[in-house]
Amino acid sequence: MTEKFERSFTQQEPIPEEAIARAVEVMRHGRLHRYNAADGEVTETELLEREFADFIGARYCLAVASCGCAISCALRAAGVRPGDPVLMNAFTLAPVPGAIAGIGARPVLVETTRELVIDFVDLEAKAGISGAGFLVLSHMRGHICDMDQLVDVCGRAGVTVIEDCAHTMGGGWNGVPSGRHGMAACYSTQTYKHMNSGEGGLIVSDDPDFMAAAIVNSGSYMNFGRHIAAPPADAFRDASRNVPNCSGRMDNLRAALLRPQLRRLGAQCRAWNERYAAVEDGLRRSTAIRIVERSAKEQFVGSSIQFELPGFGPSAIEDMVSRCAERGVVLKWFGRDEPVGFTSRYDSWRFVEPQSCPKTDRALACLLDMRLPLTFSIPDCAAIAAIIVEEADRTGADGAAPGNDSAGDRSGFEVAGKAEEMHV
Ligand SMILES: *Cc1c(COP(=O)(O)O)cnc(C)c1O
């Protein structure tokens with residue numbers, strides 16, 4: 001073993017001073033609830049909604065308690081009923097099937113390609129077999145499928161799209177911001193995503209009836225007039241009494257933390273992509289590593305990187321992950337049988353009807369994933385890539401042939417498991 005990387009893969013940047021000052025102001029006046037406003041005051045939550053809608057280029061925006069909450073709220077507002085089938089990517093994070101199952105609907109899993117995007121052939125087939133009218137499309141790990149083709153396939157199948165942009169806030173497809181291709185889109189402002197308010201979510205849409213229902217569902221009571229990024233009052237005529245109130249509002253404190261972060265999101269995305277490029281350049285030096293490639297039309301945000309070790313058997317991958325962990329480099333292995341810290345493997349969601357997705361299994365079998373916090377410098381990223389390349393080449397040289405599956409010493413892997421954080 002040679003150099004060791006000493007910095008944390010889960011350490012975020014501090015909240016900007018301007019955001020701290022705004023949050024302190026909110027605490028000083030005490031009106032934290034989004035509908036608790038002084039005469040004529042437009043609250044931080046309303047302002048955030050207006051600014052985020054403008055940033056994405058959407059007509060309406062609603063701020064809620066989390067992205068998981070945003071997805072359930074969007075499904076209810078779109079008219080999904082208990083028992084309805086809802087299509088979703090087999091490769092995503094547990095809150096997505098959780099949001100679908102949580103409203104009593106039935107997740108129908110759609111295969112994932114080796115490029116980590118939804119499989120259009122399987123999407124069309126599953127839409128037909130299930131009769132589902134909705135798709136929750138996760139741009140998992142920031143990989144954006146061909147959105148023009150997606151819109152086409154879903155249009156033909158009569159499937160309405162709700163985008164899960166938890167990993168694509170600030171990204172886009174062919175110049176169009178991520179979240180503009182479906183009927184609605186959901187974003188996360190949880191600590192490990194692209195803006196940090198601890199917890200939080202945002203929904204955007206151009207559809208007035210949908211947005212009115214979402215606002216009432218998020219817990220507006222009769223305060224729906226106190227939104228500056230909402231449809232006009234007549235859109236609420238039915239929704240205000242017919243849609244259940246499932247309280248999940250954002251508060252002014254979080255909105256105050258987010259507004260200055262939104263103003264610098266573009267710069268943050270560029271900083272992520274510089275780090276991504278540094279790691280990617282480094283990893284390309286090893287023939288044992290295959291980077292998950294991205295389309296030239298994809299404006300991704302490189303807040304994490306995914307790569308494969310093709311031809312490595314499970315024990316060789318465990319060995320490689322544990323050696324990297326010993327050298328301070330935290331990798332996640334999505335092919336691992338038992339979930340550790342996070343659950344992104346569909347077979348660990350026991351609340352979902354068992355389904356088999358062999359193509360997704362193959363895509364995840366030798367897939368590794370690494371977060372790239374902005375607290376890393378460019379030289380840090382180069383150092384991390386060098387460690388991964390050394391360990392991949394060493395493991396490869398030690399005989400990583402498929403099927404070389406002796407159990408080996410697993411103690412190093414336990415270290416890797418503990419270091420993994422909960423939120424993808
Ligand atoms: C984090 C995440 C969510 C849920 O976000 P929360 O704000 O934590 O509820 C949904 N989808 C994906 C792909 C995620 O990574």
Side-chain angles (χ1 to χ4, degrees), residues 10 12 48 52 61-76 86-103 107 109-110 112 116-118 135-145 161-171 178-179 182 184-204 214 218 246-251 254-255 257-258 261 272 292 300-306 332 334 339 341-346 348-349 351-352 360 363-364 367 369-373 420-424:
T10 52
Q12 308 305 314
L48 172 68
F52 193 73
C61 175
L62 170 67
V64 292
S66 71
C67 179
C69 176
I71 297 170
S72 335
C73 179
L75 289 167
R76 281 194 211 95
V86 176
L87 298 157
M88 58 167 279
N89 310 57
F91 178 46
T92 184
L93 193 67
V96 178
I100 297 169
I103 64 160
L109 306 180
V110 182
T112 304
L116 302 184
V117 295
I118 199 158
L135 163 68
V136 179
L137 177 70
S138 287
H139 305 297
M140 182 60 173
R141 286 330 222 173
H143 294 271
I144 303 176
C145 68
V161 180
I162 294 169
E163 293 182 74
D164 166 16
C165 301
H167 297 163
T168 54
M169 183 192 278
S178 185
C186 303
Y187 303 80
S188 178
T189 63
Q190 185 237 80
T191 294
Y192 298 100
K193 311 298 167 87
H194 297 172
M195 294 199 291
N196 177 11
S197 60
E199 301 282 0
L202 294 154
I203 308 174
V204 300
S218 78
C246 302
S247 289
R249 295 168 298 268
M250 184 177 279
D251 57 86
R254 279 164 211 211
L257 293 176
L258 291 170
Q261 292 184 55
W272 261 306
V292 177
F300 65 96
V301 182
S303 52
S304 69
I305 188 164
Q306 293 71 44
K332 279 179 193 168
F334 281 121
F342 63 95
T343 53
S344 281
R345 272 267 301 260
Y346 68 88
S348 53
W349 308 325
F351 53 90
V352 171
T360 304
L364 301 190
L367 183 70
D369 170 72
M370 185 173 75
R371 307 186 68 248
L372 286 171
E420 277 169 315
E421 89 291 354
M422 276 176 46
H423 309 278
V424 173

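All residue numbers refer to positions in the sequence shown, counting from 1. First listed ligand is number 1; within each ligand, the first listed atom is number 1.
- Ligand 1 has no nitrogen or oxygen under 3.5 angstrom from a nitrogen or oxygen of Thr189.
- For ligand 1, the atoms lying closer than 4.0 Å to a non-hydrogen atom of Ser188 are 5 (O), 6 (P), 7 (O).
- Note: Ser197 OG to Leu257 CG = 6.5 Å, rounded to the nearest 0.5 Å.
- Backbone and side-chain nitrogen or oxygen atoms of Cys67 are examined, and one is located within less than 3.5 angstrom of a nitrogen or oxygen of ligand 1.
- Side-chain atoms of Asp164 never come within 3.5 Å of backbone atoms of Val136 as a donor-acceptor pair (strictly under, hydrogens ignored).
- Here the side chain of Ser138 pairs no donor or acceptor atom with the backbone of Asn89 at under 3.5 angstrom.
- Of the possible donor and acceptor atoms, one in the side chain of Thr360 sits under 3.5 Å from a partner among the backbone N and O of Thr112.
- The option with the heavy atom closest to atom 10 (C) of ligand 1, from among Thr191, Leu93, Asp164, is Asp164.
- Among the atoms of His167, some N or O lies under 3.5 angstrom from an N or O of ligand 1.
- Checking only distances, Thr92 never comes within under 3.5 Å of ligand 1, N or O to N or O.
- Here Lys193 has side-chain heavy atoms under 4.0 Å from ligand 1, and that is the only part of it that gets that close.
- A perpendicular orientation is assigned to the rings of Phe52 and Tyr187, their planes being inclined by more than 60° (bins at 30° and 60°).
- Proximity to Ser66 (heavy-atom distance under 4.0 Å) selects the following atoms of ligand 1: 7 (O), 9 (O).
- Residues forming a side chain to side chain donor-acceptor pair (under 3.5 Å) with Gln306 (at least two apart in sequence, or on another chain): His143, Ser304, Asp369.
- For Glu199, the closest heavy-atom approach to ligand 1 does not fall below 4.0 Å.
- A search for side chain to side chain donor-acceptor pair (under 3.5 Å) contacts involving Ser178 returns Thr168, not counting sequence neighbours.
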